[in-house]
2 protein chains.
Amino acid sequence: MNIYDIAKEAGVSISTVSRVLNKKENVNEETRLKVEEVLKRYDYVPSGIARGMVSKSMKTVAVLTVDVRVPQYARIAYTIEREFSKRGYNVQLCNTGGDLEEAVQYLDIVTGKQVDGVVLVGSIFNRIGPDERVASLLKHTPVVVANGQLDLPNCYSVLVDDQLGISLAVEHLYKKGHREIFYLKDMDTDSAQRKQAGFLETMKRLGLDGKAHIRETMFGLQGGVQAVEQLLDSKAKVSAIVCGEDLTAIGVLKGLKRAGIRVPEEVAVTGFNRSEYAQVCEPELTTVDNKAELVGRLSVQLLETLIQKEEHYASMVVQPELIVGKSS
Amino acid sequence: MNIYDIAKEAGVSISTVSRVLNKKENVNEETRLKVEEVLKRYDYVPSGIARGMVSKSMKTVAVLTVDVRVPQYARIAYTIEREFSKRGYNVQLCNTGGDLEEAVQYLDIVTGKQVDGVVLVGSIFNRIGPDERVASLLKHTPVVVANGQLDLPNCYSVLVDDQLGISLAVEHLYKKGHREIFYLKDMDTDSAQRKQAGFLETMKRLGLDGKAHIRETMFGLQGGVQAVEQLLDSKAKVSAIVCGEDLTAIGVLKGLKRAGIRVPEEVAVTGFNRSEYAQVCEPELTTVDNKAELVGRLSVQLLETLIQKEEHYASMVVQPELIVGKSS
DNA sequence: TACAATTTTGAAAGGGCTTTCAAAATTTTT
DNA sequence: AAAAATTTTGAAAGCCCTTTCAAAATTGTA
């Protein structure tokens with residue numbers, strides 16, 4: 001069933017059917033009723049692809065994320081989807097697994113399908129910038145990087161001030177009297193770099209030695225557990241541990257519990273990202289809210305203005321907030 | 001830049017350009033090189049929408065879920081996306097928030113855009129079956145319900161045997177010597193119904209009174225906490241608590257801890273769904289693995305055969321597995 | 001009643017591709 | 001060298017809409 005069949009059945013031209021479908025004003029009431037009856041009778045739905053062909057848009061955007069199973073990304077993907085849905089767009093979800101080749105392939109496919117825009121979620125996407133293919137793929141598609149930056153013509157950013165986030169955590173611990181504050185670096189993304197910089201800067205400002213208090217470990221629960229073991233083995237004096245991820249912090253909590261060290265009485269712990277885990281673990285984790293929902297909303301706003309080619313775009317920076325739990 | 005421009009620039013017809021684009025064999029090597037040079041020079045990407053127009057497919061499927069921030073749904077959405085990506089499809093994500101009207105709207109939009117298929121994730125979607133509009137919307141689109149069932153012509157299911165899952169938990173507790181086993185009902189979906197039925201059946205089989213050991217509560221952490229309070233207030237003898245959701249079980253753990261009751265020494269607790277939370281909480285939760293990844297994979301397989309109109313479809317049932325943690 | 005103004009309708013032109021079919025060019029066979 | 005077989009190419013139709021523009025029908029005005 002296409003618009004021609006409907007037109008024939010209703011005894012009108014396709015133009016008239018199109019007018020009825022699009023609820024245009026200039027259709028005789030009698031004609032409209034006749035057409036609508038036929039439409040209903042055949043459960044007719046006009047082809048979105050053909051419409052896209054005319055408007056050159058499928059009202060669809062692509063969201064690239066490392067892995068939507070990571071709560072942080074899920075939250076941001078959720079917000080982006082809901083916001084775009086309100087605006088009449090559908091969202092294509094792409095899990096790149098942190099693999100840049102995979103990301104380039106996704107971009108190839110979705111730009112080929114002429115998505116109206118792309119949101120890249122996470123600072124890991126900063127790394128696809130240098131790829132020569134990316135620039136040409138994204139030449140005609142507006143892009144917003146949520147929590148990242150890409151130095152390309154159509155690309156704008158919504159960033160969280162990670163550096164400030166770590167500052168808040170360190171200052172909070174300092175005020176509580178902690179001096180032997182360690183920072184656990186668990187990844188090697190640009191975001192992690194900024195966190196580390198924030199740690200160093202804040203420690204310096206407080207008159208403490210930051211450099212000697214940085215430890216590296218793997219990402220995830222296990223990384224936190226191991227880091228504690230190593231820290232205790234080294235006989236270092238530890239009064240607080242600042243983590244760049246909640247999951248790592250929870251690993252730290254588990255490690256400390258295993259070693260019989262009480263939190264927060266003997267050692268305080270802070271996480272980052274305000275994941276659901278932070279409320280689930282024991283004791284509830286002090287963490288930094290990275291405002292995922294806000295970042296999602298702002299990304300959508302920004303991308304929409306880009307799509308509509310309005311003329312005033314600007315990258316934005318969002319302030320994180322310290323959420324004090326019972327682990328500090 | 002369209003195929004006509006490329007053809008003109010290369011001094012050939014659009015048919016030839018199309019052949020080169022689609023890597024067809026019958027093109028003279030010299031001609032091919034000439035066309036490819038032009039293609040590269042202009043960074044030409046053929047319009048996916050126009051292609052969709054011809055093939056009547058955008059190689060896209062829609063996944064409807066209640067909320068991708070719920071880890072269980074995120075896992076299944078992730079698996080579905082990855083599997084479809086391998087097969088050359090993109091996935092549109094839709095968060096209905098459990099609202100049926102919203103779900104119908106999404107279905108309206110995505111079927112209008114002629115998605116090749118739809119996956120509905122969760123037994124909540126069983127409820128849109130009776131809606132008159134749904135049947136007509138889905139008349140020409142293959143549908144798979146993951147963890148649910150819909151009695152419509154093109155609809156098939158991949159189900160987890162929830163009843164068995166609860167049985168495994170109850171039997172496990174029984175073997176450990178527990179007799180005062182309570183079941184916490186926290187939702188009112190079909191899946192929750194089956195879990196409750198599983199509890200009653202198993203208790204009966206073991207010669208215990210099931211009916212008297214069912215308690216209702218709200219969904220989520222808070223629900224678990226409250227349920228414990230009420231249970232303790234009622235002075236009932238409690239030796240184990242079986243929950244239909246990990247999050248509820250974690251609430252129970254928190255409630256018990258608050259009341260100074262040791263887990264698992266005094267009361268054992270089990271969850272459901274094998275969420276990440278189960279490993280994060282203290283003590284680690286005994287839970288039932290609902291095989292989200294497997295369900296996702298099977299759903300994709302099934303939907304693909306439906307899309308390709310192969311002739312042998314069958315709904316499937318997946319066996320859950322008990323994961324014994326430290327809470328029982 | 002004749003004319004202008006307005007409302008309602010339809011024909012036709014895109015939009016950018018794939019595909020079919022026949023023509024042209026080339027190679028092989030006799 | 002002519003005929004047959006094969007490879008390579010292009011014209012044109014089709015996919016299903018929206019939109020423009022002009023024609024037809026209706027209403028209002030003089």
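First the proteins, then the strands, lettered A, B, ... as listed; each starts at 1.
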Output the single nucleotide from D/dT8, C/dT8, C/dG10 whose closest atom is nearest the side chain of B/Thr31.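 Per side-chain heavy atoms of B/Thr31, the pick is D/dT8.
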Quickly work out the [X] [atom1] to [N] [atom2] distance and round it to whole Å.
X	N	atom1	atom2	result
A/Glu30	C/dT9	CD	C1'	14 Å
A/Leu33	C/dT8	CG	P	14 Å
A/Glu25	C/dT9	CD	C1'	16 Å
A/Arg32	C/dT8	CZ	P	10 Å
B/Asp5	C/dG15	CG	C1'	13 Å

Between the side chains of [X] and [Y], is a donor N or O closer than 3.5 angstrom to an acceptor N or O?
X	Y	answer
A/Ser299	A/Tyr156	no
A/Asn290	A/Asn273	yes
B/Ser191	B/Asp162	yes

If we fit an axis to the first five pairs and another to the last five of the helix from C/dT1-D/dA30 to C/dT30-D/dA1, what angle do they make, to the nearest 10°?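 The helix from C/dT1-D/dA30 to C/dT30-D/dA1 shows an end-to-end axis angle of 50°.
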With A/Arg297 via salt bridge (Lys or Arg N to Asp or Glu O under 4.0 Å) - residues at least two apart: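 A/Arg297 satisfies salt bridge (Lys or Arg N to Asp or Glu O under 4.0 Å) with no other residue.
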Could you tell me which residues satisfy side chain to side chain donor-acceptor pair (under 3.5 Å) with A/Gln301, sequence neighbours excluded, listed by chain and number?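 Testing A/Gln301 for side chain to side chain donor-acceptor pair (under 3.5 Å), a comparison that skips the adjacent residues, returns none.
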Exam field: side chain A/Lys113 to backbone B/Met58, donor-acceptor pair closer than 3.5 Å: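 Yes, because the side chain of A/Lys113 sits within donor-acceptor range (under 3.5 Å) of the backbone of B/Met58.
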Mind listing the side-chain donor-acceptor pairs of residues 16-26 of chain A below 3.5 Å, one per line with the distance, residues two or more places apart or on another chain?
| from | atom 1 | to | atom 2 | distance (Å) |
| --- | --- | --- | --- | --- |
| A/Thr16 | OG1 | A/Ser13 | OG | 3.4 |
| A/Ser18 | OG | A/Asn22 | ND2 | 3.3 |
| A/Asn22 | OD1 | A/Arg51 | NH2 | 3.3 |
| A/Asn22 | ND2 | A/Ser18 | O | 2.8 |

How does each nucleotide of nucleotides 17-29 of chain C score, in 5' to 3' order, for protein heavy atoms under 4.0 Å: base (B), sugar-phosphate only (S), or none (-)? BBB----------
Output yes when at least one side-chain N/O atom of A/Lys56 is less than 4.0 Å from OP1 or OP2 of C/dG16, else no.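 For C/dG16, OP1 or OP2 has a side-chain N or O of A/Lys56 closer than 4.0 Å.
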Side-chain N or O of B/Thr16 less than 4.0 angstrom from OP1 or OP2 on D/dG10?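 Affirmative; the distance criterion is met.
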Could you tabulate the donor-acceptor pairs under 3.5 Å formed by side-chain atoms of residues 135-153 of chain B, not counting sequence neighbours?
| from | atom 1 | to | atom 2 | distance (Å) |
| --- | --- | --- | --- | --- |
| B/Ser136 | OG | B/Arg133 | O | 3.2 |
| B/Lys139 | NZ | A/Asp43 | OD2 | 3.0 |

If you find the nucleotide of DNA chain D closest to B/Met53 and the one closest to B/Gly11, which residue's nucleotide is nearer the 5' end?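 So the residue in question is B/Gly11.
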Looking at B/Lys34, B/Lys40, B/Arg41, which one forms a salt bridge (charged side-chain N to carboxylate O under 4.0 Å, His left out) with B/Glu9?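 For B/Glu9, the salt bridge (charged side-chain N to carboxylate O under 4.0 Å, His left out) test succeeds with only one of B/Lys34, B/Lys40, B/Arg41, which is B/Arg41.
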